[in-house]
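Here is the structure we will look at, set down as structure tokens.
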Amino acid sequence: MQFVRIGDTVISHRVHGLDSKKPAILFINSLGTDLRIWDKVVADLSSDFTLILFDKRGHGLSDLGQPPYRIEDFADDAIGLLEHYGISQVVLCGLSIGGLISLSIFDKRPDLVRGIFFADTAHKIGTPDFWETRIRAVLDNGIGSILDPIMSRWFTAPYRRPENADYRGYCTMLERQSAEGYAGTCAAIRDADFTETARRINVATLCVVGEEDGSTPPELVRSLANLIRGSQFEIIPGAAHLPCIEAPSVFLRLLRRFLSTLPGVLNG
Ligand SMILES: O=C(O)CC1=CCC(=O)O1
């Protein structure tokens with residue numbers, strides 16, 4: 001694990017294979033997860049690419065900062081991290097809120113963005129009432145109180161069998177996130193609408209989604225693809241909201257195929 005101070009917030013992160021000659025990919029996590037969700041993806045890509053993973057503020061080992069947050073706060077952290085490593089162009093791989101953060105990074109610094117791989121995300125996720133209910137539940141009763149409904153959005157029923165040790169591990173990951181950080185991140189999603197940014201995107205994009213995603217269902221993700229000129233859309237079978245965990249080989253195949261279409265990016 002590596003740590004860097006961006007402004008007044010310490011951000012925990014990992015950089016694999018830092019090399020200015022290799023194309024860089026920045027992975028941006030979903031709500032309630034930390035950078036370990038990319039482990040299976042990183043193992044495959046690290047010889048061909050510079051990979052940057054980080055814990056959003058309020059998650060993992062990053063500082064809490066001052067919740068509630070705005071999507072722009074996370075985007076500033078990500079941009080600060082890229083600047084810290086002198087990375088001037090990057091492919092963004094944004095999962096769920098990570099897609100909203102990708103859109104905000106594009107808004108702020110389009111020069112940094114070489115392409116965007118949107119996974120299980122949209123230009124607007126959920127309704128204000130939905131997020132308010134979740135914020136209240138977490139602040140009043142803790143993250144454990146919402147574990148089961150969240151897990152049924154994240155993973156398919158076969159993955160959620162009690163004897164699956166990986167499933168138990170990811171339950172623990174969610175339960176150990178800071179309730180204040182989690183609720184502060186829900187507030188950022190509640191307040192986000194990047195419809196106009198999505199319409200302005202002028203870099204290559206691919207939108208993918210697990211076929212059983214209960215958080216950003218396929219039709220919602222398709223509506224993001226429809227807003228973006230030239231965007232492609234793919235459904236990942238046998239996965240829900242976190243295909244990088246549940247269907248890593250399909251996720252990787254689509255990511256590598258996307259990377260191979262970008263000018264000047266290796267296809268590995
Ligand atoms: O917790 C969920 O329902 C999944 C999710 C929504 C936005 C995000 O980042 O994760």
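Both ligands and their constituent atoms are indexed starting at 1 by order of listing. Numbering of residues begins at 1 and proceeds along the displayed sequence.
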Has the side chain of Thr33 got a donor or acceptor atom that lies under 3.5 Å from a matching backbone atom of Asn29? no
Give a yes-or-no answer on whether the side chains of Thr195 and Asp193 include a donor-acceptor pair shorter than 3.5 Å. yes
Please could you name the atoms of ligand 1 that Leu31 approaches to less than 4.0 Å, counting only its heavy atoms? 1 (O), 8 (C), 9 (O), 10 (O)
Starting from atom 8 (C) of ligand 1, what is the nearest protein heavy atom, named by residue and atom, and what distance separates them? Ser96 OG, 2.6 Å
for atom 4 (C) of ligand 1, nearest protein heavy atom and its distance come out as Ser215 OG, 3.2 Å
Using a 3.5 Å distance criterion without hydrogens, assess whether the side chain of Thr121 forms a donor-acceptor pair with backbone atoms of Ile97. no
For Ile189, the ligand 1 atoms with a heavy-atom partner under 4.0 Å come out as 7 (C)
Would you tell me whether Asp34 and His59 have side-chain atoms, one donor and one acceptor, within less than 3.5 Å of each other? no
Look at atom 1 (O) of ligand 1 and say which protein heavy atom is nearest, naming residue and atom and giving the distance to 0.1 Å. Arg134 NH1, 2.7 Å
Ligand 1 to Ile97, heavy atom cutoff 4.0 Å, flagged ligand atoms 8 (C), 9 (O)
Does Phe130 come within less than 4.0 Å of ligand 1, judged by its heavy atoms? no
Which of the numbered atoms in ligand 1 are below 4.0 angstrom from a heavy atom of Ser30? 9 (O)
Any ion pair linking Arg70 and Asp73 (charged N to carboxylate O, less than 4.0 Å)? yes
Taking atom types as modelled, is there a side-chain donor on Tyr182 or Arg134 under 3.5 Å from an acceptor on the other? yes
Any heavy atom of Thr216 under 4.0 Å from ligand 1? The part involved is neither
Residue Arg153 vicinity, atoms of ligand 1 by number, heavy atom under 4.0 Å: 3 (O)
Thr156 side chain to Gly238 main-chain N or O, any donor-acceptor pair under 3.5 Å? no
Is any side-chain N of the basic residue among Arg190 and Glu132 closer than 4.0 Å to the acidic one's carboxylate O? yes
With heavy-atom distances below 4.0 Å as the criterion, list the atoms of ligand 1 near Trp154. 1 (O), 2 (C), 4 (C)
